[in-house]
Amino acid sequence: MYDLTVIIPTFNEEANIRKIVIEVDEVLSKSSLNGEILVVDDNSPDGTIGIVNELKKAKTNVSLLVRTSDHGLSQSVADGFLHASSEVFVVIDADFSHPPSIIPKMYEEIRAGTDVVIGSRYMEGGGIRKWPLKRRVISLGATFLGRVLFPDITDPVSGFFAVRKSVVTQAQLKPRGYKILLEVLGKGVWENDKEIPFEFSDREIGASKLKIKTIIEYAQQVLNITLYSFSHHQSAAWREWKKVFKFGLVGVSGIIVNLAILQLLLMSGISGYIALFFAIAISILNNFLWNDLWTFKTSPKRSVTSIWRRLGFFYVISAGGAAINYGIAILLVQVIGMNIFLSDLIGILIGFTWNFLVNRRITWGRT
Ligand code: GDD
Ligand code: MN
């Protein structure tokens with residue numbers, strides 16, 4: 001039995017495949033890991049298959065899966081999960097965009113109890129080399145959308161990651177497009193993850209196969225994972241949605257507190273503007289307490305930062321949310337002449353989104 005399986009999806013990689021297999025093999029032996037190298041090829045018309053067959057003769061730990069239907073990167077990786085003969089899977093590109101030297105570290109993390117280990121381009125220490133502006137923009141857009149589902153993960157669409165077999169065995173994956181990791185995160189069964197920074201370097205040889213269709217498929221995938229999370233309540237995306245619902249409910253409680261305090265203060269003879277100020281300030285305090293003790297009660301920040309610090313962040317971010325609400329409402333009324341209530345409602349929704357996302361990341365984010 002192998003310690004791990006390194007899955008390398010390929011399509012027309014005759015220029016890279018020999019070198020990447022040899023390098024991965026070397027990295028594994030240097031760390032005394034007994035690893036299987038599984039190349040999953042989509043029946044490349046170039047020399048890829050021939051080269052891997054040749055490598056197989058010299059190295060017993062190299063295997064090849066040639067697929068002839070349902071062409072695609074994500075599908076190939078998912079097929080690799082089914083054919084791997086170990087309990088730990090690492091996925092890596094063939095074109096040297098991902099440094100194989102990190103594989104042992106990923107494996108160690110899984111051994112230490114982490115379910116998903118992600119090679120991240122977007123955390124401190126990570127980066128991207130030699131990417132044209134267009135690709136950077138597309139990638140940032142995709143990453144942002146992915147982070148709405150998994151706010152703690154800086155690179156939910158990375159092509160370089162490791163998973164424990166049990167994460168994907170029971171998952172009803174619907175692999176499409178390029179972002180198999182997002183599918184694994186959205187539908188796999190996992191509790192904890194860890195990111196390791198790496199520098200992505202674009203391929204030297206051959207061409208990227210990313211097309212416009214890939215982007216459309218990605219948007220469909222995000223929607224599909226969202227819908228899946230609504231019917232599968234054990235999924236990680238559902239854990240996030242639950243926070244959104246709770247945050248919303250707390251927001252509603254804040255409105256009630258706000259109005260009640262306003263009424264109370266006015267009745268006790270305090271003047272209008274002063275009463276309003278305290279009503280708002282106290283309702284934000286109300287929201288903070290509920291969110292801290294309920295919505296985000298599992299946040300690791302709660303045990304390492306003081307409550308005053310979190311409260312301070314919450315007030316500043318909420319003030320930003322109010323400013324966004326106000327600005328958007330005025331803009332809609334002024335520029336397109338929208339009804340003021342509808343404008344306000346849209347402002348509230350965008351302000352709410354801001355409040356949730358920013359507080360989720362900063363006030364109650366990862367440490
Ligand atoms: N089996 C199979 N089938 N493999 C494929 C296919 C396919 O249809 N398309 C691409 N591959 C293989 C390539 O041979 C390579 O090993 C790897 O998948 C990545 O393909 P590239 O075409 O080089 O992808 P990229 O550089 O544009 O995209 C990379 O970055 C993305 C993040 O921005 C990849 O790492 C993606 O996985 C990643 O999501
Ligand atoms: Mn590439």
Side-chain angles (χ1 to χ4, degrees), residues 1-9 24-25 27-29 31-40 61-63 65 73-93 98-121 123 126 146 149-175 178-198 221 225 228-229 232-240 298 300 366:
M1 186 70 156
Y2 292 109
D3 296 326
L4 74 161
T5 301
V6 178
I7 297 171
I8 311 179
V24 167
D25 197 42
V27 166
L28 295 177
S29 347
S31 303
S32 312
L33 289 172
N34 179 21
E36 173 190 25
I37 300 174
L38 172 57
V39 177
V40 186
N61 63 331
V62 175
S63 39
L65 173 65
L73 171 52
S74 288
Q75 293 93 308
S76 298
V77 173
D79 245 1
F81 293 158
L82 295 176
H83 287 81
S85 35
S86 76
E87 299 286 321
V88 178
F89 310 152
V90 176
V91 180
I92 187 169
D93 286 356
H98 307 144
S101 56
I102 295 177
I103 294 173
K105 213 160 133 193
M106 290 177 147
Y107 175 75
E108 281 316 313
E109 283 296 339
I110 300 267
R111 283 298 304 268
T114 309
D115 297 317
V116 187
V117 181
I118 301 167
S120 170
R121 300 161 292 175
M123 72 191 289
L149 292 173
F150 308 104
D152 278 334
I153 298 176
T154 64
D155 200 348
V157 295
S158 174
F160 190 22
F161 61 94
V163 281
R164 188 189 303 287
K165 182 179 181 179
S166 61
V167 172
V168 291
T169 36
Q170 283 155 43
Q172 301 163 30
L173 299 182
K174 192 180 160 197
Y178 262 42
K179 311 301 182 191
I180 182 67
L181 175 59
L182 199 76
E183 193 71 15
V184 168
L185 293 172
K187 298 180 182 170
V189 181
W190 59 279
E191 290 295 327
N192 47 38
D193 69 285
K194 165 123 192 171
E195 290 188 285
I196 297 177
F198 81 98
Q221 189 189 3
I225 290 173
Y228 179 95
S229 73
H232 293 73
H233 294 177
Q234 86 293 357
S235 79
W238 177 252
R239 290 201 287 272
E240 278 309 311
T298 56
R366 193 157 271 195

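Heavy atoms only: backbone and side chains are in, while hydrogens, waters and symmetry mates are out.
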- Message: When you compare the side chain of I153 with that of I118, does any pair of heavy atoms fall below 4.5 Å?
- Response: yes
- Query: With D25, which residues qualify under side-chain contact (heavy atoms from CB on, under 4.5 Å), at least two apart?
  - Reply: I37, K59, N61
- Query: Which atoms form the tightest heavy-atom contact between T5 and S86, and what is the distance?
  - Reply: OG1-OG, 2.8 Å
- Return each pair, listed once, that meets salt bridge (Lys or Arg N to Asp or Glu O under 4.0 Å) where at least one residue sits in residues 99-110; pairs must be two or more places apart or across chains. E109-K194
- By side-chain contact (heavy atoms from CB on, under 4.5 Å), P300 pairs with (sequence neighbours left out) T367
- Message: On a heavy-atom basis, which atom in G35 and which in L28 lie closest, and how many Å separate them?
- Response: CA-CD1, 3.9 Å
- Message: According to salt bridge (charged side-chain N to carboxylate O under 4.0 Å, His left out), who are the partners of R366, at least two apart in sequence or on a separate chain?
- Response: D193
- Item | Minimal non-hydrogen separation, F150 against P156, with atom names | CD1-CB, 4.5 Å
- Query: Rounded to the nearest 0.5 Å, how far does CD of E87 lie from CD1 of I110?
  - Reply: 11.5 Å
- Query: Minimum heavy-atom separation for I103 to L4, with atom names?
  - Reply: CG2-CD1, 3.9 Å
- Message: Taking the side chain as everything from C-beta on, heavy atoms only, tell me whether I7 gets closer than 4.5 Å to V90.
- Response: no
- Query: Who are the side-chain contact (heavy atoms from CB on, under 4.5 Å) partners of S63, not counting sequence neighbours?
  - Reply: E36, L38
- CE of M106 to OG1 of T114: how many Å apart, nearest 0.5 Å? 11.5 Å
- Is the shortest heavy-atom distance from the side chain of V163 to the side chain of V184 under 4.5 Å? yes
- Item | Taking every non-hydrogen atom, the tightest pair across V91 and P9 | CG1-CD, 4.5 Å
- Applying ring-ring contact (aromatic ring centres under 6.0 Å, His included), name anything that partners W190, two or more places apart in sequence or on another chain. none
- Task: Output every pair passing side-chain hydrogen bond (donor to acceptor under 3.5 Å, both in side chains) with a member in residues 153-162, not counting sequence neighbours, ordered by first then second residue.
- Result: S120-T154, R121-D155, T154-E195
- Query: Which pair of non-hydrogen atoms, one from L149 and one from E240, has the smallest distance, and what is that distance?
  - Reply: O-CG, 3.1 Å
- Task: Check whether more than 12 heavy atoms from other residues, nucleotides or ligands sit under 6.0 Å from atom CZ of R111, and answer yes or no.
- Result: no
- Query: Can you name the side chain to side chain donor-acceptor pair (under 3.5 Å) partners of E183, sequence neighbours left out?
  - Reply: K187, Q221
- Task: Using the six-membered ring wherever Trp is involved, compare the ring planes of F160 and H98 and label them parallel, tilted or perpendicular (cut-offs 30° and 60°).
- Result: parallel
- Message: H232: which residues meet the ring-ring contact (aromatic ring centres under 6.0 Å, His included) condition with it, sequence neighbours left out?
- Response: Y228
- Message: Can a side-chain donor-acceptor contact be found between S229 and S235 if the only test is distance below 3.5 angstrom?
- Response: no
- Taken to the nearest 0.5 Å, the spacing of I225 CD1 from K179 NZ works out to 12.0 Å
- Query: Could you state the interatomic distance from CD1 (I8) to CG (D93), rounded to the nearest 0.5 Å?
  - Reply: 9.5 Å
- Task: Identify, with sequence neighbours excluded, every residue that meets side-chain contact (heavy atoms from CB on, under 4.5 Å) alongside D3.
- Result: L33, N34, Y107
- Task: For residues 159-172, pull every pair meeting side-chain hydrogen bond (donor to acceptor under 3.5 Å, both in side chains), keeping only residues two or more places apart or in separate chains.
- Result: D115-R164
- ring-ring contact (aromatic ring centres under 6.0 Å, His included) filter on F89, not counting sequence neighbours, yields F81
